[in-house]
Structures are given as structure tokens and as C-alpha cells.
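Below is one structure, written out as C-alpha cells; the observations come after it.
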Amino acid sequence: MTRYLHVSIGPVQSFVAQARRTRDLWGGSYLLSLLSAHAMRGARAARAEIIQPLVEADPLLAWAERRPGAAPPPHGSLPNQFTVALAHPDDLARVVAQLHRAFDDTWHRICEAVWRVHVAPIADHGHDTRAIWERQVRGFWEIVWVSGDTPHGLLDRRKHWRTHRLPEEAGDKCTVMPELQELSGFVRAHDRKAQDAFWCRLRNELGRLELRDNERLCAIALVKRLYAVTASEIVGAIDVKRWPSTIDVAAAPWIQRASAVAPRQLAEFAAAVERAADDHVLTGGASSLIDAPGLDRKARELGVNWFHRGFTASPRLAKLDPSREAARADLLQRLRALGEIRGAHGRTLGGPPIYYALLLADGDSLGALLARGGGALVSRALAGFTAQVAEIVAHHQGRTVYAGGDDVLAVLAVEHALDCAHALEHAFRRAFLAAAPDEEIAARASLSIAVVFAHARSPLPRVIEQAHHLLDDIAKDQNGRASLAAAIYRGATITGQWATTWQRPASAPEPATDSSCDHGEACAIAQLHAAVCALAADAGALSSSLLHDLRHLIGLLCGEASDEPGHFAHLDDALALHKLIRAEIHHRLARQDREPEAAELDRLTRVLAPLLARAHRVDGEPRFEPRQVGLDGLVLASFLARGGQEDDHP
């Protein structure tokens, strides 16, 4: 009888999510995936077969095994869990020992490279820095394994046993991973100057783009930050210096549009910034997201912050050469003139958006699919899906952070995020249709996705936390899976939270006029796009004022608050939702000295009304609840109509 070894490497969510920038987010997920690849390498070297996931064609494992022609992929592709088939039960101890050895050897080689190049030269200026380093890198990871005669299910039970807990650490804590001590070893209350001097030395060697002024890191956070540029013999030649920040991701489509209609003004503005600024201004983070070959290099690589008026107007943030402070007014005038240039559809460019989107996707009920279709079928389908993810995300002008199995993590601009979510969901279903001869099995495959539209300066761990909450608690548990959950995260507050099944009643809106709305009339994204187009066309008359009036009206009629994000109020059977919305639209337009045609009122009502009703799943079956109404769909549509282009506060 075949025996199976199930392996899980952790911690996962906390390790990846503890990040202050998108590059840290990528660094954590890639490092975990790379270490998993080397653990798999060790198991395969012991002549064990990895049966789940399918890994033979995986580029990261090919790189870890140094196959001829292999190159490191740009993002992680292997999960932290895998299953091994043992040829003989007596092989268990040998396979476990070799996968542990391969994992530990890779991790310590990476850590030693970072120590040798960056930390060792300043270690004598710290207090027990080497001891702190050794303690943290040796005790951080936990490899959990269980063996049995079934190819799935055992690991879930094993992970309920918590056998690995990091000890409490003394001293001042890391500013990124606050459960671990920072490396200088000094206590700030008593040795502030010595602590600052330690980190100043490292910052001078690395540069402020690698280590910010207020950052004091533990060994794990420092390895996560620096390993990709230090341990190239293990990681490979991956260009992470140009990894886009949240500001870069948010602004990329705006720069793309501006480069099409105002390349000269962009180039002149970049040159003016370079003349006036007293610090490094070229970051290149957004350049990898922009397809504009003719754009001036300095304009392409100018730090995106400079395109935001709030940043450029602030002497604290946008530091100019003291002798050139008078140039600030000229820079602001150039930005103002740039924003008044008209682009496509006759709209002015305005300023770049300050909101971006974080997308998190996860397959639904994979355990049931495994039980019904078998591990080989599911692994084949997931491998087919994973192979498409990076191309789909790049097509929507985003950057993939991780794509492995049924999990996806990506960052995108506001205007492309929901189209990308829909494309991923479609690709997931197609992958199972291609892999499963049994159409009933393929029909059970579904993907749930969370999209958080967050201010670019919101703390990244909070945004990731909200994404997991949206995915696990809202899209899956509350809305019944096969769902999209989207939220607007302003500051520390959710101001809109819309959950829907991917398909909604086909009687919803007529197709929108925007060319991107091509999903079919029963698609939730098509309905949302239609509302976005309507609100964008009538932004002066509708948008936030209509939301305010509808919120007040529904609250009065339903006798309960309807302004809490994610809340649905029950509408009495005697009330006609379409008539109420039509009357409010007419009232709002009339107050703008417009007397709309009946056909226009009917069109706007058909477009906006479906977003108020609830669409969820009960016992796996889709259910549309026209008597349960909420405003979050319109809140989201209004936000998207503005393109994330809200006031920018420095």
C-alpha cells in the first residue's frame, strides 16, 4: 500500500503580511515559495514523488534543481504545502531528513549572505547583534509533517496541534515584525544615540530606498528586505530595485494616458524636478507597468510622488535644494497645466489616482473537488490556471505578487482591478473544464476573490488583513462562495463593502457604452461597469448626492440603518424599488435644472437599481434577494467613476 507524506511550512500569513511596502510583500511570498521549492528538491533527491501540487513543469522548482536552461521566475509559484508519495514505508525517515536538510541549508545560506554583506561590517557597533541574529534565524521556521495511507485530509488535522511557538524576546522590537527584537540590541529609552548610530550606518550603506529613516528591523525582516539583491547565487538575477510601490501601481494608467497626449510636458516637468530637488528623484518603480516606448526616460522613472500636488507642495515631503525653493511654485504650475490637458473622450487628465487595489483570490471547496475528482485532476487544473495568472494580471497593468495553485495575490490600479478579477475567475473555470472529463466536476470548481481599494499610504498589513477578512468571512462564508467581495478602505475605515455572486439576474442593465464593459449582461462586473459609466457621465448631477438621498430614504422606509458597509435592509413588499430609485434620480436631476426624458430616467434606473439588491448563495445555489437592499454597490460604482482620483493628502 502506498504511504503519503504531507508537509506544511510556516508561518505563512503573518510572515507574508508583515510588510511595509509591496516589495516586502513580494519578498515574503517569494522567499517562502523558494524555500518550499528547496524542500521539494530534497524530497525528490530522496527519490520520493511530489504528487500534489503538480511540480514537474514549475519554473521555481526547475531553478531550485538547477535544471539546464532554468531561470528564476519573477514571482512565487509553489505553495507552502505539498504531498509526497513514498515508494516504501521505510523511506519516511530518509525523505523527511533530506527535505529538512535542503530547506535548512538554503535558508541559512541566504541568511549568511545577508549577514556577511550587510550586517557583519556594523555588528560591532551593536549590542549582542550576532546573538540576536542567530537566535532569530535558527528558530523562526516550523516544518509540520504527517504520514498516512490517504493522499489528502491528514494535514488539516495535524495543523490543529500548535507545537511551535517563538519565545518572548526582550529589548526594543522590530518596526515591521513587532514580536521580534530589532538587531542593534540597544534599548531606546537608555541608548537612543547608540541605536540610531547603528541603523544610520546600515542606512548609509544601503540607501534610504532600502531602509527608511524610522525603520529598525529584526533579522527576519532584514533578510526578507535584502535577500533578493544579496543572495543571487541562490535566488537568481531578479530585478527588484524597480518593484512598483502602491503609489506607482495607482498612478500607472494615468502616466500611460499622459504620455499619449502630453509627452513633452511630462519630460519638461521631470527635468524641472531634477533641477530643483536636492535628493534622488528617479525610482523607476512605475516604469515596468507603463507601455510607452517613446516616453522620455526621466519622465518614465521620476518618482510618482512628484506628480501629486499634495506631495510637491509640501516642503517636508518634497525636499528642494534650499537655493531652488522658489522653483516649487513653478513645479505646481506645471502640474496644474498638465492636469488641464484633455485626453481621450475629451476629459482632462487631472491628477494621478491615490488609490490602488490589492487582489486576493482562493479556490472554493478544493477538499470536495479532491475527494470527487482526485489529486491528479485537481493538480492538473490548478497548474493550468497558475500558468495564466501572471499574463492576465500584466494585461490589466498590474503586478503579480504570488500565483500558486488556487491562490493569487496581486496589486493593480483601481480602474483595472475588477476586470482582472473577472478574467481570473473565468480562467479558473476554464482550467477545470480543460482538465476534467467529467463536466459535473468542472461545474463545481469556483474561485472567490477579494479586492480592497486602499489609499496608497494606508499601512500595507492592514490592507492585507482586510483582504483576508473580505475573502474568508464575506465572499466565502457570508456570501456562500463563488463570489466577489470588494471594499473601499479609507484611512482605517471601510466606507463601502459590496459582495456579489459572479452571475446576477440576466434582466439587469443594458450594455454599457464603455469599451471595457464586454462581459455579458448577466455578469456582476458588467452591471457594475454600466453603473460606473452612468455615474461618470452624470457625475455633477448624481454620484454622492444621489447616494446621500437614497441612504436617507431607505433608512426612513425600512426603519433601520442602511449606511453600515455590508448591511442590507429589508424592503417592505408594498414598496417598488425601481420606482423609488427612478423618483430619486428625477428629483436629483431636477435640482440640477435638468428635466430628463422618460427614456433617460428608465435607462438610469435599469442601470443603477440592480446594484442595490443582494446576490448571494445559499446551500450552493445562487439566490437574488430584491427585497434586501443595500447601497454598497452604488458606493463602489461612485468611487470607480472617480477612478480613485480623490483629494491627495500628504
Side-chain angles (χ1 to χ4, degrees), residues 15 18-31 34 107-130 132-134 136-137 140 172-178 180-186 188 191-248 277-288 301-305 317 319 459-460:
F15 175 69
Q18 288 174 317
R20 298 192 76 176
R21 57 184 71 178
T22 53
R23 190 178 126 190
D24 287 350
L25 188 62
W26 169 87
S29 66
Y30 195 90
L31 180 55
L34 180 67
W107 169 241
H108 288 297
R109 285 169 61 205
I110 289 172
C111 292
E112 192 58 30
V114 175
W115 169 268
R116 183 180 66 255
V117 174
H118 300 295
V119 186
I122 63 166
D124 289 344
H125 298 280
H127 180 67
D128 291 335
T129 295
R130 182 69 188 189
I132 297 170
W133 180 275
E134 290 292 337
Q136 292 176 351
V137 301
F140 184 73
D172 288 356
K173 299 303 190 287
C174 173
T175 54
V176 174
M177 304 179 73
L180 297 176
Q181 185 180 9
E182 56 88 30
L183 276 172
S184 79
F186 294 111
R188 197 162 185 79
D191 299 298
R192 183 188 186 97
K193 289 184 178 180
Q195 187 183 73
D196 286 343
F198 177 92
W199 290 107
C200 185
R201 285 184 172 90
L202 185 56
R203 191 173 297 109
N204 289 339
E205 187 260 323
L206 294 174
R208 280 182 168 78
L209 290 178
E210 296 287 355
L211 188 66
R212 297 174 184 172
D213 287 342
N214 61 344
E215 287 186 316
R216 298 180 295 277
L217 305 182
C218 62
I220 308 301
L222 197 64
V223 169
K224 188 161 66 169
R225 178 73 57 82
L226 299 175
Y227 76 94
V229 296
T230 306
S232 58
E233 73 280 5
I234 303 168
V235 181
I238 301 177
D239 182 10
V240 296
K241 292 284 189 179
R242 305 163 81 86
W243 233 95
S245 67
T246 54
I247 294 279
D248 296 327
D278 75 341
D279 203 353
H280 186 69
V281 297
L282 301 180
T283 64
S287 61
S288 62
E301 298 189 356
L302 179 66
V304 169
N305 276 315
L317 298 173
K319 294 179 170 55
L460 194 52

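In this text the structure is predicted, and so the values were computed from the model without any measurement.
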Inset, instruction - With salt bridge (Lys or Arg N to Asp or Glu O under 4.0 Å) as the test, would you mind laying out the steps for Asp172 and Arg216 before giving the verdict? - result: CA-CA 9 Å; Asp172 288 356; Arg216 298 180 295 277; 5.6 Å; no

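- Here CG of Asp128 is found 11.5 Å from CG of Leu183. Values are rounded to the nearest 0.5 Å.
- Taking CG of Leu180 as the start and SG of Cys174 as the end, the distance is 7.0 Å to the nearest 0.5 Å.
- Residues Phe186 and Asp196 are not in side-chain contact: their nearest non-hydrogen atoms beyond the backbone lie 4.5 Å or more apart.
- When all heavy atoms of Gly185 and Ile132 are compared, the pair lying nearest together is CA-CD1, 3.6 Å.
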Inset, instruction - Given salt bridge (Lys or Arg N to Asp or Glu O under 4.0 Å), test Arg242 with Glu301 step by step and report yes or no. - result: CA-CA 9 Å; Arg242 305 163 81 86; Glu301 298 189 356; 2.8 Å; yes

Inset, instruction - Take Val119 and Leu222 through the side-chain contact (heavy atoms from CB on, under 4.5 Å) test and state the conclusion after the steps. - result: CA-CA 9 Å; Val119 186; Leu222 197 64; 3.5 Å; yes

Legend entry - side-chain contact (heavy atoms from CB on, under 4.5 Å) between Glu112 and Val117, intermediate numbers included: CA-CA 8 Å; Glu112 192 58 30; Val117 174; over 6 Å; no

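- Under the rule for a salt bridge (charged side-chain N to carboxylate O under 4.0 Å, His left out), Glu205 has no partner lying at least two apart in sequence or in another chain.
- The minimum heavy-atom distance linking Gly126 with Thr129 is given by the pair CA-OG1, 3.4 Å.
- Minimum heavy-atom separation, Ala113 to Thr230: O-CG2, 3.3 Å.
- Here the OG atom belonging to Ser288 is positioned 8.5 Å from the CG atom belonging to Asp239, to the nearest 0.5 angstrom.
- Between Gly285 and Pro244, the shortest heavy-atom contact is O-CB, 3.2 Å.
- Of the residues Glu182, Glu215, His125, the one that meets the side-chain hydrogen bond (donor to acceptor under 3.5 Å, both in side chains) test with Trp199 is Glu182.
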Inset, instruction - Test side-chain contact (heavy atoms from CB on, under 4.5 Å) on Val229 and Val240 and set out the steps. - result: CA-CA 7 Å; Val229 296; Val240 296; 3.4 Å; yes

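- Side-chain N or O atoms of Trp115 include none that pairs as donor or acceptor with a backbone N or O of Trp133 at under 3.5 Å.
- Taken to the nearest 0.5 Å, the CG atom of Leu460 stands 11.0 Å off from the OG atom of Ser245.
- A distance-only check finds no donor-acceptor pair linking the side chain of Lys224 to the backbone of Ser29 [under 3.5 Å].
- Counting only heavy atoms from C-beta outward, the side chains of Trp243 and Arg21 never approach each other to under 4.5 Å.
- Pro178 approaches Gln18 most closely through the heavy-atom pair CD-NE2, 3.8 Å.
- Between Gln136 and Ala219, the shortest heavy-atom distance links the atoms OE1-N, 2.8 Å.
- For the atom pair CG (Leu226) and NE2 (His118), the distance works out to 5.0 Å, reported to the nearest 0.5 Å.
- For Ser184 and His127, the side-chain atoms include no donor-acceptor pair closer than 3.5 Å.
- Ring-plane geometry between Tyr227 and Trp26 is classed as parallel, the angle between the planes falling under 30 degrees on a 0 to 90 degree scale with a further cut at 60.
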Inset, instruction - Using the side-chain contact (heavy atoms from CB on, under 4.5 Å) rule, take Leu217 and Leu202 through it: C-alpha gap first, then chi angles, then the decisive distance, then the call. - result: CA-CA 11 Å; Leu217 305 182; Leu202 185 56; over 6 Å; no

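- With a 4.5 Å cut-off on side-chain heavy atoms, Arg23 and Tyr30 do not count as touching.
- Atoms CG and CG, from Leu206 and Leu211 in turn, are 6.0 Å apart once rounded to the nearest 0.5 Å.
- At a threshold of 4.5 Å between non-hydrogen side-chain atoms, the residues Glu210 and Arg203 do not count as touching.
- Side-chain contact between Gln195 and Asp191 is absent, with no heavy atoms from C-beta onward closer than 4.5 Å.
- Side-chain atoms of Gln181 never come within 3.5 Å of backbone atoms of Lys173 as a donor-acceptor pair (strictly under, hydrogens ignored).
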